[in-house]
Structures are given as structure tokens and as C-alpha cells.
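Take a look at the structure set out below.
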Amino acid sequence: YLVRAIPLNDSDGNIIKWYGTNTDIHHQKELEKQKDDFLGIASHELKTPVTSLKAYAQVVESMFKRSGDFKNADLLGRMNKQVDRLSNLINDLLDVTKINSGRLQFNETEFDFNEMVEEVIEDVQRTSFKHLIHPELSFKKKIVGDRDRICQVVTNLLTNAVKYSPDANEVVINTLDLGDRVQVSVRDYGIGISPDLKDHVFEQFYRISGDKRHTFPGLGLGLYISSEIVKRFGGKIWVDSVEGKGSTFCFSIPVNQ
Ligand code: ADP
């Protein structure tokens, strides 16, 4: 049951009565569970064929390359990219169902923080032809945490910075050593976010519909997943933004979780 109570005060502000409502939310919870179960099963079932599709497409692409047929190799390369996009969307859906059912698992290891960030930059730069990603990574520090999951957060912020700044050609990423924490900031010169929508962007399936000239693809899950990962590590994630000028997404996490 969801219990809501509203106090009724006298003229001195003393509470003289409570008005209460009792709402049965069992049905609503059941529907939410069914939705989560469906998402889990559907994304799991989609993942298997997409994984084989990727494997076949890679084989065919390298066959074309080896035989010198670069026109078809290029076509297969494009196909591979779309399969990657599909597979990222499915992974996001799977992550969300894991988060919502408390089944997201973490494998902790010790790793060099800036080395991990550099790897992400290289990856994102490889597919971002228009933007130059400027790294400002000045320290060397090992931290303990789930490397892949933290990689995922940095990748999300960096790919968003590129995606939501279609008219810009640079993105700046820097890392800070704050002693017992490390911080990452990703700055873009893109469309920005209006102040009243700023905090909503970390909600599940939340998307801003774009501006007059642009529409952006996506499911509205990347920042939700990122914020859940950061929270699980005892960290914080936030955004500073000016509409029409750009955004800076930051997160900080303890060095030793
Ligand atoms: P998606 O990009 O798939 O929509 P996200 O969870 O990554 O999902 O982002 C949620 C929303 O937050 C986006 O739809 C977009 O409106 C806004 N957003 C995220 N990153 C940026 C950014 N760098 N600049 C402007 N808006 C952003």
C-alpha cells in the first residue's frame, strides 16, 4: 500500500487532524515487474542472433579485404557498425533490467585510471571523424573498481558529448586527482540543456526531443546506467550546462571502493 497523509493545522500551526489515503499499488508493482521481465527476456533473445550476425559480418568483411574487393569490404564495414549500434542498444536494455532487479554485477580489480580513460578516448575518436577529442590527463594513479563498468561511464559521456554537439568540432576531457577520489569532466560545445531539464537527464528513458534542426537517436538509458554505476561505487555524477552553448558532464568516484 502507498500511504499518503496530509496534516490539517489550526491557526497557530498545530496539527489538529491528519487526512490520509491508502492506495493499493500491488497491481501497479505487478505491471512494472511484468514490464521488466519482458524487457529482460526480449533483450536476452535479441542478443544471441545479433552476436552471430556480428561474427559472420566480420568474417565476410575480412574475406573481401583479403581478396582486394574494397568496395564490398567497405559495405560490410558499414554493416558491422550498424550491428554494433544494435548490440549497444541491446546491452543497455539488458543493463537496465539487471539494475532494476538488483542483478548488476561488478568485478573489482586494480587498474591505472588515466590509462583506462586514454583507451576510451582512442575508441571514441576512431568513430568520430568531425570532432577532435582533447585529453587533459595529468596524473598517474591506480584505483580499485570495475574497469569495464567505469569505462562504460566514460564512453557514455564522451559519445554523448560528440553526439549532442553536431556543429562543433572539439570535445575536451580532463581527469583530476582529488586525493581519495578521482574526477572526470567531459566538456562539449553543443546544444546544451535547459536548467529545468538538467536533473531529469539521469532518469530512466528520459530524453529531450532535440532542437529545431536536429534529431538525435537513442533510448535515454546511457546516463541512467552511468549514474547507477557511479552511485554503486559511492560516487557522484552531475552536469553543468548552458542551453545553446554546451555542457560539462562530470563524475567522481572514490579511489578505493
Ligand atoms: P540518449 O542519448 O540515448 O538519449 P542518455 O541517457 O545518454 O540517452 O541521455 C539522456 C538525454 O540527455 C538525451 O536524450 C539528451 O537529451 C540529454 N543529453 C545527454 N548528453 C547530452 C549532452 N552532452 N548535451 C546535451 N544534451 C545531452
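Both ligands and their constituent atoms are indexed starting at 1 by order of listing.
The side chain to side chain donor-acceptor pair (under 3.5 Å) test with S226 singles out one residue from N160, T155, N156, and that residue is N156.
The shell of residues lying under 4.0 angstrom from ligand 1, judged by heavy atoms, includes F249. At least one heavy atom of L219 sits closer than 4.0 Å to an atom of ligand 1. G220 counts as a contact of ligand 1, since one of its heavy atoms falls under 4.0 Å from the ligand.
Between Y206 and ligand 1, no pair of N/O atoms sits closer than 3.5 Å. Of the N or O atoms in G192, none lie within a sub-3.5 Å distance of an N or O in ligand 1. Every N/O-N/O distance between I191 and ligand 1 stays at or above 3.5 Å.
If you look at N156 next to ligand 1, there are no close heavy atoms at all, none under 4.0 Å.
Figure legend: R66 and F64 shown without cation-pi pairing, the cationic atom not lying both under 6.0 angstrom from the six-membered ring centre and within 45 degrees of its axis.
The closest heavy-atom contact to atom 9 (O) of ligand 1, among the options L197, L223, V239, comes from L223. The residue from D188, I208, L158, V171 that puts a heavy atom closest to atom 16 (O) of ligand 1 is I208.
Note that CG of D112 is 8.5 Å distant from CZ of F139, once rounded to the nearest 0.5 Å.
Counting heavy atoms from C-beta on, the side chains of F249 and I193 come closer than 4.5 Å.
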